[in-house]
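Notes for the one structure printed next.
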Amino acid sequence: MDELYRQNILEHYRNPHNMGTLENHTHSHKEHNPLCGDVVQIELLVDDQQRIDQVAFSGKGCAISQASTSMLTDMLIGKTVEEAKQINKEVILDELGIEIGPVRLKCALLSLKAVKMALYNLSEEEWDKEEDDW
Amino acid sequence: MDELYRQNILEHYRNPHNMGTLENHTHSHKEHNPLCGDVVQIELLVDDQQRIDQVAFSGKGCAISQASTSMLTDMLIGKTVEEAKQINKEVILDELGIEIGPVRLKCALLSLKAVKMALYNLSEEEWDKEEDDW
Amino acid sequence: MFNTEEIRRKFPILDQQSNGNPLTYLDSGASSQKPETVIEAMNSYYRQYNANVHRGIYQLSEKASAAYENARKKIARFINASTWRELIFTRNTTESINLVAYSWGLTNLKSGDVIITTEMEHHANLVPWQQLAAQTGAKVKYIPITEQGCLDLTKYDAWLSPAVKLVAITQMSNVLGTIPPIKTMIEQAHAVGALVLLDGAQSVPHMPVDVQALGCDFLAFSGHKMLGPTGIGALWGRKDILSQMPPFMTGGDMIKRVTLEGSEWHSLPWKFEAGTPAIAEAIGFGEAVEYLNTLGMANIRQHEIELTTYALECLNQVEGLRIYGPQNPQERGGAISFTMGDIHPHDIAAVLDGEGIAVRAGHHCAMPLHDKLGLSATTRASFYVYNIAEDVDRLVNGLDKARELLTK
Amino acid sequence: MFNTEEIRRKFPILDQQSNGNPLTYLDSGASSQKPETVIEAMNSYYRQYNANVHRGIYQLSEKASAAYENARKKIARFINASTWRELIFTRNTTESINLVAYSWGLTNLKSGDVIITTEMEHHANLVPWQQLAAQTGAKVKYIPITEQGCLDLTKYDAWLSPAVKLVAITQMSNVLGTIPPIKTMIEQAHAVGALVLLDGAQSVPHMPVDVQALGCDFLAFSGHKMLGPTGIGALWGRKDILSQMPPFMTGGDMIKRVTLEGSEWHSLPWKFEAGTPAIAEAIGFGEAVEYLNTLGMANIRQHEIELTTYALECLNQVEGLRIYGPQNPQERGGAISFTMGDIHPHDIAAVLDGEGIAVRAGHHCAMPLHDKLGLSATTRASFYVYNIAEDVDRLVNGLDKARELLTK
Ligand SMILES: Cc1ncc(COP(=O)(O)O)c(C=O)c1O
Ligand SMILES: Cc1ncc(COP(=O)(O)O)c(C=O)c1O
């Protein structure tokens, strides 16, 4: 547990970055966590050069999902959409820096899923493939 | 096994009593064993005094069912219908004189069920009650 | 009288460390632990007389058949069925309810008919009725809950009419703990000609249940929540009703005769048990019921009332903690769901896990209830025969720790 | 290469006396024995990390969830599924087939459609289609068998047409042992747009099965026939087809969202797994598959071909004995059904039991096949990894004894 709520996670949880809404967003998506009913809403402003200028998120969630969303939004700003596509499960888990069980994995990846759906309309099918291990 | 195929059972199996049909029967019933598809056909001649004068059986079956049917027909002859009603599972098992597993029990009791159905139209429900233990 | 020390010795699993702390298992509402006797009963089957049942004419199979059918008898007697023929083995409560929805529901319901259930049901006693309604044109009505987490029976009274064909209610809520006044509700339902199905997933493990005294028509429950193995549950139904119902699944073992033109069904209960059954699991379930009998269901209920009383007392004093469901331990079971400030239930559960305390966090398969409560999730602690006051103390300490760590 | 002595040591159950004789288990076609590793895998779950799966945020539950899902992956890989999402846990083959009949069948079949199956099917792959036909107005056609116990494929060729929506056939007969030419039959079915369901209850335990190589659409099989526990089976289906199918049973765990107005379903495979699954059983099943992999399915097939060769040789010499099914061991599995004079199969089995030999007698859940053969019952001996030539010798001796005792 003490492992799970490491300082970096607690900091993002207590003071999440990029929380709020973006009036002038170009992309957005709202994603539910089927396991707990949590919701994250992601809004992005992508410019003509396909670069992510601004990101904001809102919604309810546990510390893990709030922290991972906060970290993800930091990562996204300044990246191109192509670069953002490279962000995957491993990148998020690295950033969180904790070992995570299968249930909490959904929490940790909820915002990543929302971003992918928002940016390039990833299908549930394709998301499953990203998440699935053999 | 040697227990199961005791001499008395083998004798009835090799030379079953009252095998055949009764042209002038007053009651009859054909019963299937759902476990093995065996069939026994029972025919009875009951007189005005409600006494069983003659019994005959036909059909296919294993040694246990053939022997128990043969023994049962012997028992029935001369009994009144009321007396015949008293014949139950225990009587048959006593007569066979062997310990019998749950599967073979169906074989041993097939003809008793047929007789009860023939004589007084016992319902499946009532038969279940006779056969059921708690 | 209720010797928890002795009881806990039968559950060696409880005697382990979890994240460096002694395991405090408070999730029996989801699935209970199993005593050694249950595990050993299954091992004996697998190691000594493993064989398929019903048709084998050899020692192993005859022994297996007898054990399987004997387990059925034990469980039938446990709920005071009038005959073991009324006891059908299923995988779990969910399958038991689906069996009724498919077999009884599809043949007996039509457009305009009404199914009454409640807002506090587990999805298992809710989604099958929604599906049945969609298929038949029947309508589902949900008895609302009051502020106190009880059923608002004025609605029930108002809705009862000859159009109501089925009342499907839980005998004990897995979230609120609520025990509705089932007996009266059954009488009222019968008065308008409706059948009553009880979801006994939480009640049968935790209190004496007598189907004849209750007068219900169906009762569904799961082995794994009552010291038994996974993969086995039961549907009890009144014989006259079950006899009229068509089979649910078809195949081997449930037939009397098959030809290329059609089939005749086997008698009860086998008509509803298609294919090789969960043999080891039935045997384990029978053993579980035997052990529950040894403890005595009234004693178990009493033990849990005492534990719940203590838990409510303690939890009510935890800062920011709010309990959902009745506060009177006599009117509720030992599943206690709560929130604590705006700390997410996932986080509470995770911090507790770090302390070795196993609780559940989420919607507990009762999303409509959580919607009604305006919550997406709660944290739930639930008790069983092996739980002790110390478990409650540890929970309270863990909650304090969670508050410290996670309050913003 | 195939070290039966070593294998038998993993099955201590075989090392027992039955009626005063060493046990000779020849009924694996009905249910196999389980190696210690399978029993111990389940015991570990019950004794060390027993908890419900999927939602628990605590160590035991996370470990249980991982083990459950890991078992699914092992089994999916065992039949070479392209993703584990195609592997649905059921109770047994029978439920797997019923799932397809209810979910796929009721939504896709209409009056005039045709289902092709065969005369040699187990009731599990026959009665559900009869029921489905009765409900939808579709028609079932049965490919007849030849004198040699093979399928009369001229009929299959003749019946194939766009009206055929489903071909449901066994990959290995549990009575005759017959292995039909599945791959060609699948290609032919697909050419007219029909789907193909394989009953793999006998094939998956006894030979390599690769669903991608076969190109079938559904495959049903049971854990208990392949060294796994009772209470667990599997349905494999092609993802694109499964995705389109409505759920079968509904309740907890298979939903994404439930409101009083309706529900959204969870993704594959959970959409088809309602309620608490058979957790210990899935874990045991996964372990069984692991052990089969160690032995190697091709080796197992080879071992059984050798044993069947020897058994056919010996049995063909037994006075009055008649074998039903193909005589070429390459074209058949190791289930050998026979009659001996007019001695009733029950009596043969009972005499053999007295010698410690476990065989099955009856219609083996294939009444239409027995009708066709003009029999009400046969005696069946069936082999698996732990059987040896000596078992065949004992069987032959036992048969001689039965003839002596029971010839009139
Ligand atoms: C060919 C075949 N299909 C189906 C079944 C049914 O399997 P289960 O009883 O495990 O559902 C069996 C086993 O008896 C079988 O041999
Ligand atoms: C009240 C209630 N009903 C139904 C169920 C479903 O039980 P199972 O998952 O064993 O089918 C549960 C258990 O989660 C429950 O608590």
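Please read these numbers as outputs of a predicted model, since none were measured by experiment. Chain naming here is simple, since letters A, B, ... match the order of the sequence lines and numbering starts at 1 in each.
Heavy atoms closer than 4.5 Å to chain D are found nowhere in C:V140, neither backbone nor side chain. The part of C:P277 that comes within reach of chain D is its backbone (N, CA, C, O), which places non-hydrogen atoms under 4.5 angstrom from that chain. Residue contact with chain C, scored on non-hydrogen atoms closer than 4.5 Å, involves the backbone and the side chain of D:P128 alike. Within the 4.5 angstrom heavy-atom criterion, only side-chain atoms of C:E36, from C-beta onward, approach chain D. Of the atoms belonging to D:L126, it is side-chain heavy atoms, and not backbone ones, that fall under 4.5 Å from chain C. Contacts between D:V38 and chain C at a heavy-atom distance below 4.5 Å are absent for every atom of the residue. For C:Y102, the part lying under 4.5 angstrom from a heavy atom of chain D is the side chain only. At a 4.5 Å heavy-atom cutoff, the contact between C:N92 and chain D is made by side-chain atoms alone. Of the two parts of D:I255, only the side chain, counted from C-beta on, holds a non-hydrogen atom closer than 4.5 Å to a non-hydrogen atom of chain C. D:W265 touches chain C through its side chain: at least one heavy atom from C-beta onward sits under 4.5 Å away, while N, CA, C and O do not. Only the side chain of C:Q16 comes within less than 4.5 Å of a heavy atom in chain D; its backbone stays farther off.
C:Y58 places none of its side-chain heavy atoms less than 4.5 Å from the side chain of D:S18. Under the 4.5 Å side-chain criterion, counting only non-hydrogen atoms from C-beta, C:L60 is in contact with D:L23. Proximity of C:T94 to D:T276: side-chain heavy atoms (C-beta onward) are nowhere separated by under 4.5 Å. Between D:Y45 and C:T230 the shortest side-chain heavy-atom distance falls below 4.5 Å. At least one side-chain heavy atom of C:S263 sits less than 4.5 Å from a side-chain heavy atom of D:Q130. Two residues are said to be in side-chain contact when any heavy atoms from C-beta on lie closer than 4.5 Å; C:I232 and D:E281 fail this criterion. Side-chain contact between C:M42 and D:M42 is absent, with no heavy atoms from C-beta onward closer than 4.5 Å. Residues D:D371 and C:R257 meet the side-chain proximity criterion, which asks for heavy atoms closer than 4.5 Å.
A side-chain donor from one of C:Q59 and D:N19 sits under 3.5 Å from a side-chain acceptor of the other. Judged purely by distance below 3.5 Å, without hydrogens or angles, the side chains of C:N43 and D:N43 pair a donor atom with an acceptor atom.
Taken to the nearest 0.5 Å, the CG atom of C:D347 stands 8.0 Å off from the CD1 atom of D:I57. Distance check, rounded to the nearest 0.5 Å: NE2 of C:H123 to CG of D:D253 gives 10.5 Å.
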Working note: D:F248 + C:M249, criterion side-chain contact (heavy atoms from CB on, under 4.5 Å); need CA distance, chi angles, decisive distance, verdict. CA-CA 11 Å; D:F248 173 32; C:M249 293 195 235; 4.2 Å; yes

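The shortest non-hydrogen separation linking C:N52 to D:A30 is ND2-O, 3.0 Å. Heavy-atom minimum distance, D:R360 versus C:S61: NH2-OG, 3.7 Å. For the pair C:Q48 and D:I13, the tightest heavy-atom approach, listed with the atom from each and the gap, is C-CD1, 3.7 Å. Here the shortest heavy-atom pairing between C:A51 and D:S31 reads C-CB, 4.5 Å. Shown here for C:T250 and D:N98, the closest heavy-atom pair between the two residues is O-ND2, 2.8 Å. C:A278 approaches D:G231 most closely through the heavy-atom pair CB-CA, 3.7 Å.
Ranking C:P246, C:P12, C:P229 against chain D, the residue ahead of the rest is C:P229, based on heavy-atom pairs under 4.5 Å. The most heavy-atom pairs under 4.5 Å with chain D, out of C:T117, C:L99, C:I279, come from C:I279. Among D:H122, D:E119, D:E62, D:H224, the residue making the largest number of heavy-atom pairs under 4.5 Å with chain C is D:H224. Chain D forms more heavy-atom pairs under 4.5 Å with one residue of C:M254, C:Q131, C:E261 than with any other, namely C:Q131. When D:C365, D:A124, D:P368, D:A133 are compared by the number of non-hydrogen pairs under 4.5 Å with chain C, D:P368 comes out ahead. With chain C as partner, the option from D:A134, D:G356, D:G262 having the largest number of non-hydrogen pairs under 4.5 angstrom is D:G262.
The distance between the ring centers of C:Y25 and D:Y49 does not fall below 6.0 angstrom. Under the 6.0 Å cut-off for aromatic ring centres, C:Y46 and D:F11 do not qualify, their centroids lying 6.0 Å or more apart.
A salt bridge links D:E40 and C:R47; the closest N-O separation between the charged side-chain nitrogens and carboxylate oxygens is under 4.0 Å.
Side chain of D:N50 to backbone of C:S32: a donor-acceptor contact under 3.5 angstrom is found.
More than 12 heavy-atom neighbours from other residues, nucleotides or ligands sit within 6.0 angstrom of NZ on D:K372.
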